[in-house]
Amino acid sequence: MSFESQTFRVTRADLVRYAGASGDFNPIHWSERFATGVGLPGVIAHGMFTMALVGRAVTAWAGAPDAVVEFGVRFARPVPVPDTDEGTEVVVTATVKGETEDGNTKLALTATCQGEKVLSLAQAVVRKR
Amino acid sequence: MPLDQSFVGRTYPPTEPYLVGREKIREFARAIGATDREYVDPEAARAIGYQDVVAPPTFPIIITMASSHAQIVEDPELGIDYSRVVHGDQKFAYARPIVAGDALVCVNTVEEITTRGGHDFMTTRSDVTTEAGEPVVTVWAKLVQRGEE
């Protein structure tokens, strides 16, 4: 079983707001000069911001904000965020991969940006409603 | 120089409690664009069995990243060069969601250090509990220290 994919728009303003709320002020997430200076294509999203968007998708699919039992990802590729009004988009999908011994549901997750997978080994365990 | 394997299994002293504020949860929920009422409205959170607003699943990173950074990444004996570090993996296992009003203590441990292809990989585990010792969430982060050019 799969869920309908969820799409999240990501702009530079989102990264600035996330930096402030999370306390992660690494300049690769807000300074083009710094990001290109360390060999990145430009400013990239915080991995934890991408993971937070995937978390929004997971809680929406699970139907409750407290339904997540386990949640893990590997950051496979950066999410470049251009300095435009549109920014970029992250698309999240999930497939049910079975049940745990406790009767919870295992989800295999994907997150893509510009058609490329930005996470690997992404999975969650959610409680049945 | 590869990271010192003898740090594997090292556990640091419990951190000072982090007091989880209702406004901090609201601010974090806004920043990730989450609109669930239980993140902002104490009444909505009480309706699903919590004393105050609950935090989104990745909220614990605020607490664990700061404390593991201060204790492990900045441990001069370990000697990590943070300018070469990228975030590899992240995992959370929840006993329950974080709730506004929690006073949370982190116990940080170096769980694994490996070296592959000139890069160092370090997994840290943060056991997050209430001051009374009630388990709340366990958080693993794998950091990659890229090899020197």
Side-chain angles (χ1 to χ4, degrees), chain A residues 6 8-11 13-24 26-28 34 37-40 44-60 62-78 90 104 119-127, chain B residues 18 23-41 44-45 47-50 53-67 69 82-99 137-144 146 149:
Chain A
Q6 297 190 48
F8 301 93
R9 182 160 299 286
V10 182
T11 66
D14 295 318
L15 303 188
V16 172
R17 194 176 294 116
Y18 184 78
S22 68
D24 183 346
N26 189 327
I28 60 174
F34 189 92
V38 296
L40 291 166
I44 61 168
H46 305 73
M48 288 308 303
F49 183 69
T50 303
M51 190 175 184
L53 298 179
V54 177
R56 277 176 60 192
V58 170
T59 53
D66 62 345
V68 187
V69 179
E70 272 183 40
F71 184 22
V73 306
R74 169 166 296 171
F75 302 106
R77 209 186 286 271
V90 173
N104 294 322
L119 301 179
S120 57
L121 304 173
Q123 48 192 342
V125 174
V126 299
R127 255 192 301 278
Chain B
Y18 177 102
E23 298 302 341
K24 191 66 194 175
I25 290 178
R26 287 172 169 165
E27 179 192 13
F28 188 83
R30 262 199 311 279
I32 65 168
T35 53
D36 308 59
R37 294 309 299 161
E38 295 86 350
Y39 298 149
V40 291
D41 177 1
I48 61 164
Y50 299 97
V53 298
V54 301
T58 60
F59 183 89
I61 197 72
I62 294 180
I63 304 162
T64 59
M65 193 180 270
S67 78
H69 192 95
Y82 196 64
S83 71
R84 292 190 284 130
V85 168
V86 293
H87 197 171
D89 296 38
Q90 184 65 42
K91 185 181 169 188
F92 301 89
Y94 309 89
R96 64 162 172 83
I98 288 176
V99 178
V137 59
T138 303
V139 182
W140 291 265
K142 184 182 268 186
L143 303 180
V144 184
R146 287 168 295 161
E149 306 269 298

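Just the heavy atoms: all of them, side chains too, but no hydrogens, waters or symmetry mates, feed the values below. Letters go in sequence order (proteins before strands), and every chain restarts at 1.
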If you look at every heavy atom in [X] and [Y], which pair is closest and at what distance?
{"X": "A:Arg17", "Y": "B:Arg30", "result": "CD-O, 4.3 Å"}
{"X": "A:Tyr18", "Y": "B:Ala31", "result": "CA-CB, 4.1 Å"}
{"X": "B:Glu27", "Y": "A:Ala21", "result": "OE2-CA, 3.7 Å"}
{"X": "B:Ile32", "Y": "A:Leu53", "result": "O-CD2, 3.8 Å"}
{"X": "B:Tyr94", "Y": "A:Val68", "result": "CD1-O, 3.3 Å"}

Looking at [atom1] of [X] and [atom2] of [Y], how far apart are the two atoms once the value is rounded to the nearest 0.5 Å?
{"X": "B:Gln90", "Y": "A:Met48", "atom1": "CD", "atom2": "CE", "answer": "4.5 Å"}
{"X": "B:Met65", "Y": "A:His46", "atom1": "CE", "atom2": "NE2", "answer": "8.5 Å"}
{"X": "A:Met51", "Y": "B:Lys91", "atom1": "CE", "atom2": "NZ", "answer": "10.0 Å"}
{"X": "A:Arg56", "Y": "B:Asp36", "atom1": "CZ", "atom2": "CG", "answer": "8.5 Å"}
{"X": "B:His69", "Y": "A:Asp24", "atom1": "NE2", "atom2": "CG", "answer": "9.5 Å"}

What option among B:Val54, B:Asp89, B:Thr58 has the most heavy-atom pairs under 4.5 Å with chain A?
->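 The residue among B:Val54, B:Asp89, B:Thr58 with the greatest pair count is B:Asp89.
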Based on non-hydrogen pairs under 4.5 Å, which of B:Pro97, B:Gly88, B:Pro57 is most in contact with chain A?
-> B:Gly88
Please tell me if the side chains of B:Pro56 and A:Thr59 come closer than 4.5 Å, counting only heavy atoms from C-beta onward.
-> no
Can you tell if the side chain of B:Val86 reaches within under 4.5 Å of the side chain of A:Phe75, non-hydrogen atoms only?
-> no
For B:Phe59, is it the side chain, the backbone, both, or neither that has a heavy atom closer than 4.5 Å to a heavy atom of chain A?
-> neither
Give the member of A:Ala122, A:Gly20, A:Gly72, A:Gly55 that has the highest number of heavy-atom pairs under 4.5 Å with chain B.
-> A:Gly72
May I ask you to name which of A:Ser120, A:Ala52, A:Ala19, A:Pro65 has the most heavy-atom pairs under 4.5 Å with chain B?
-> A:Pro65
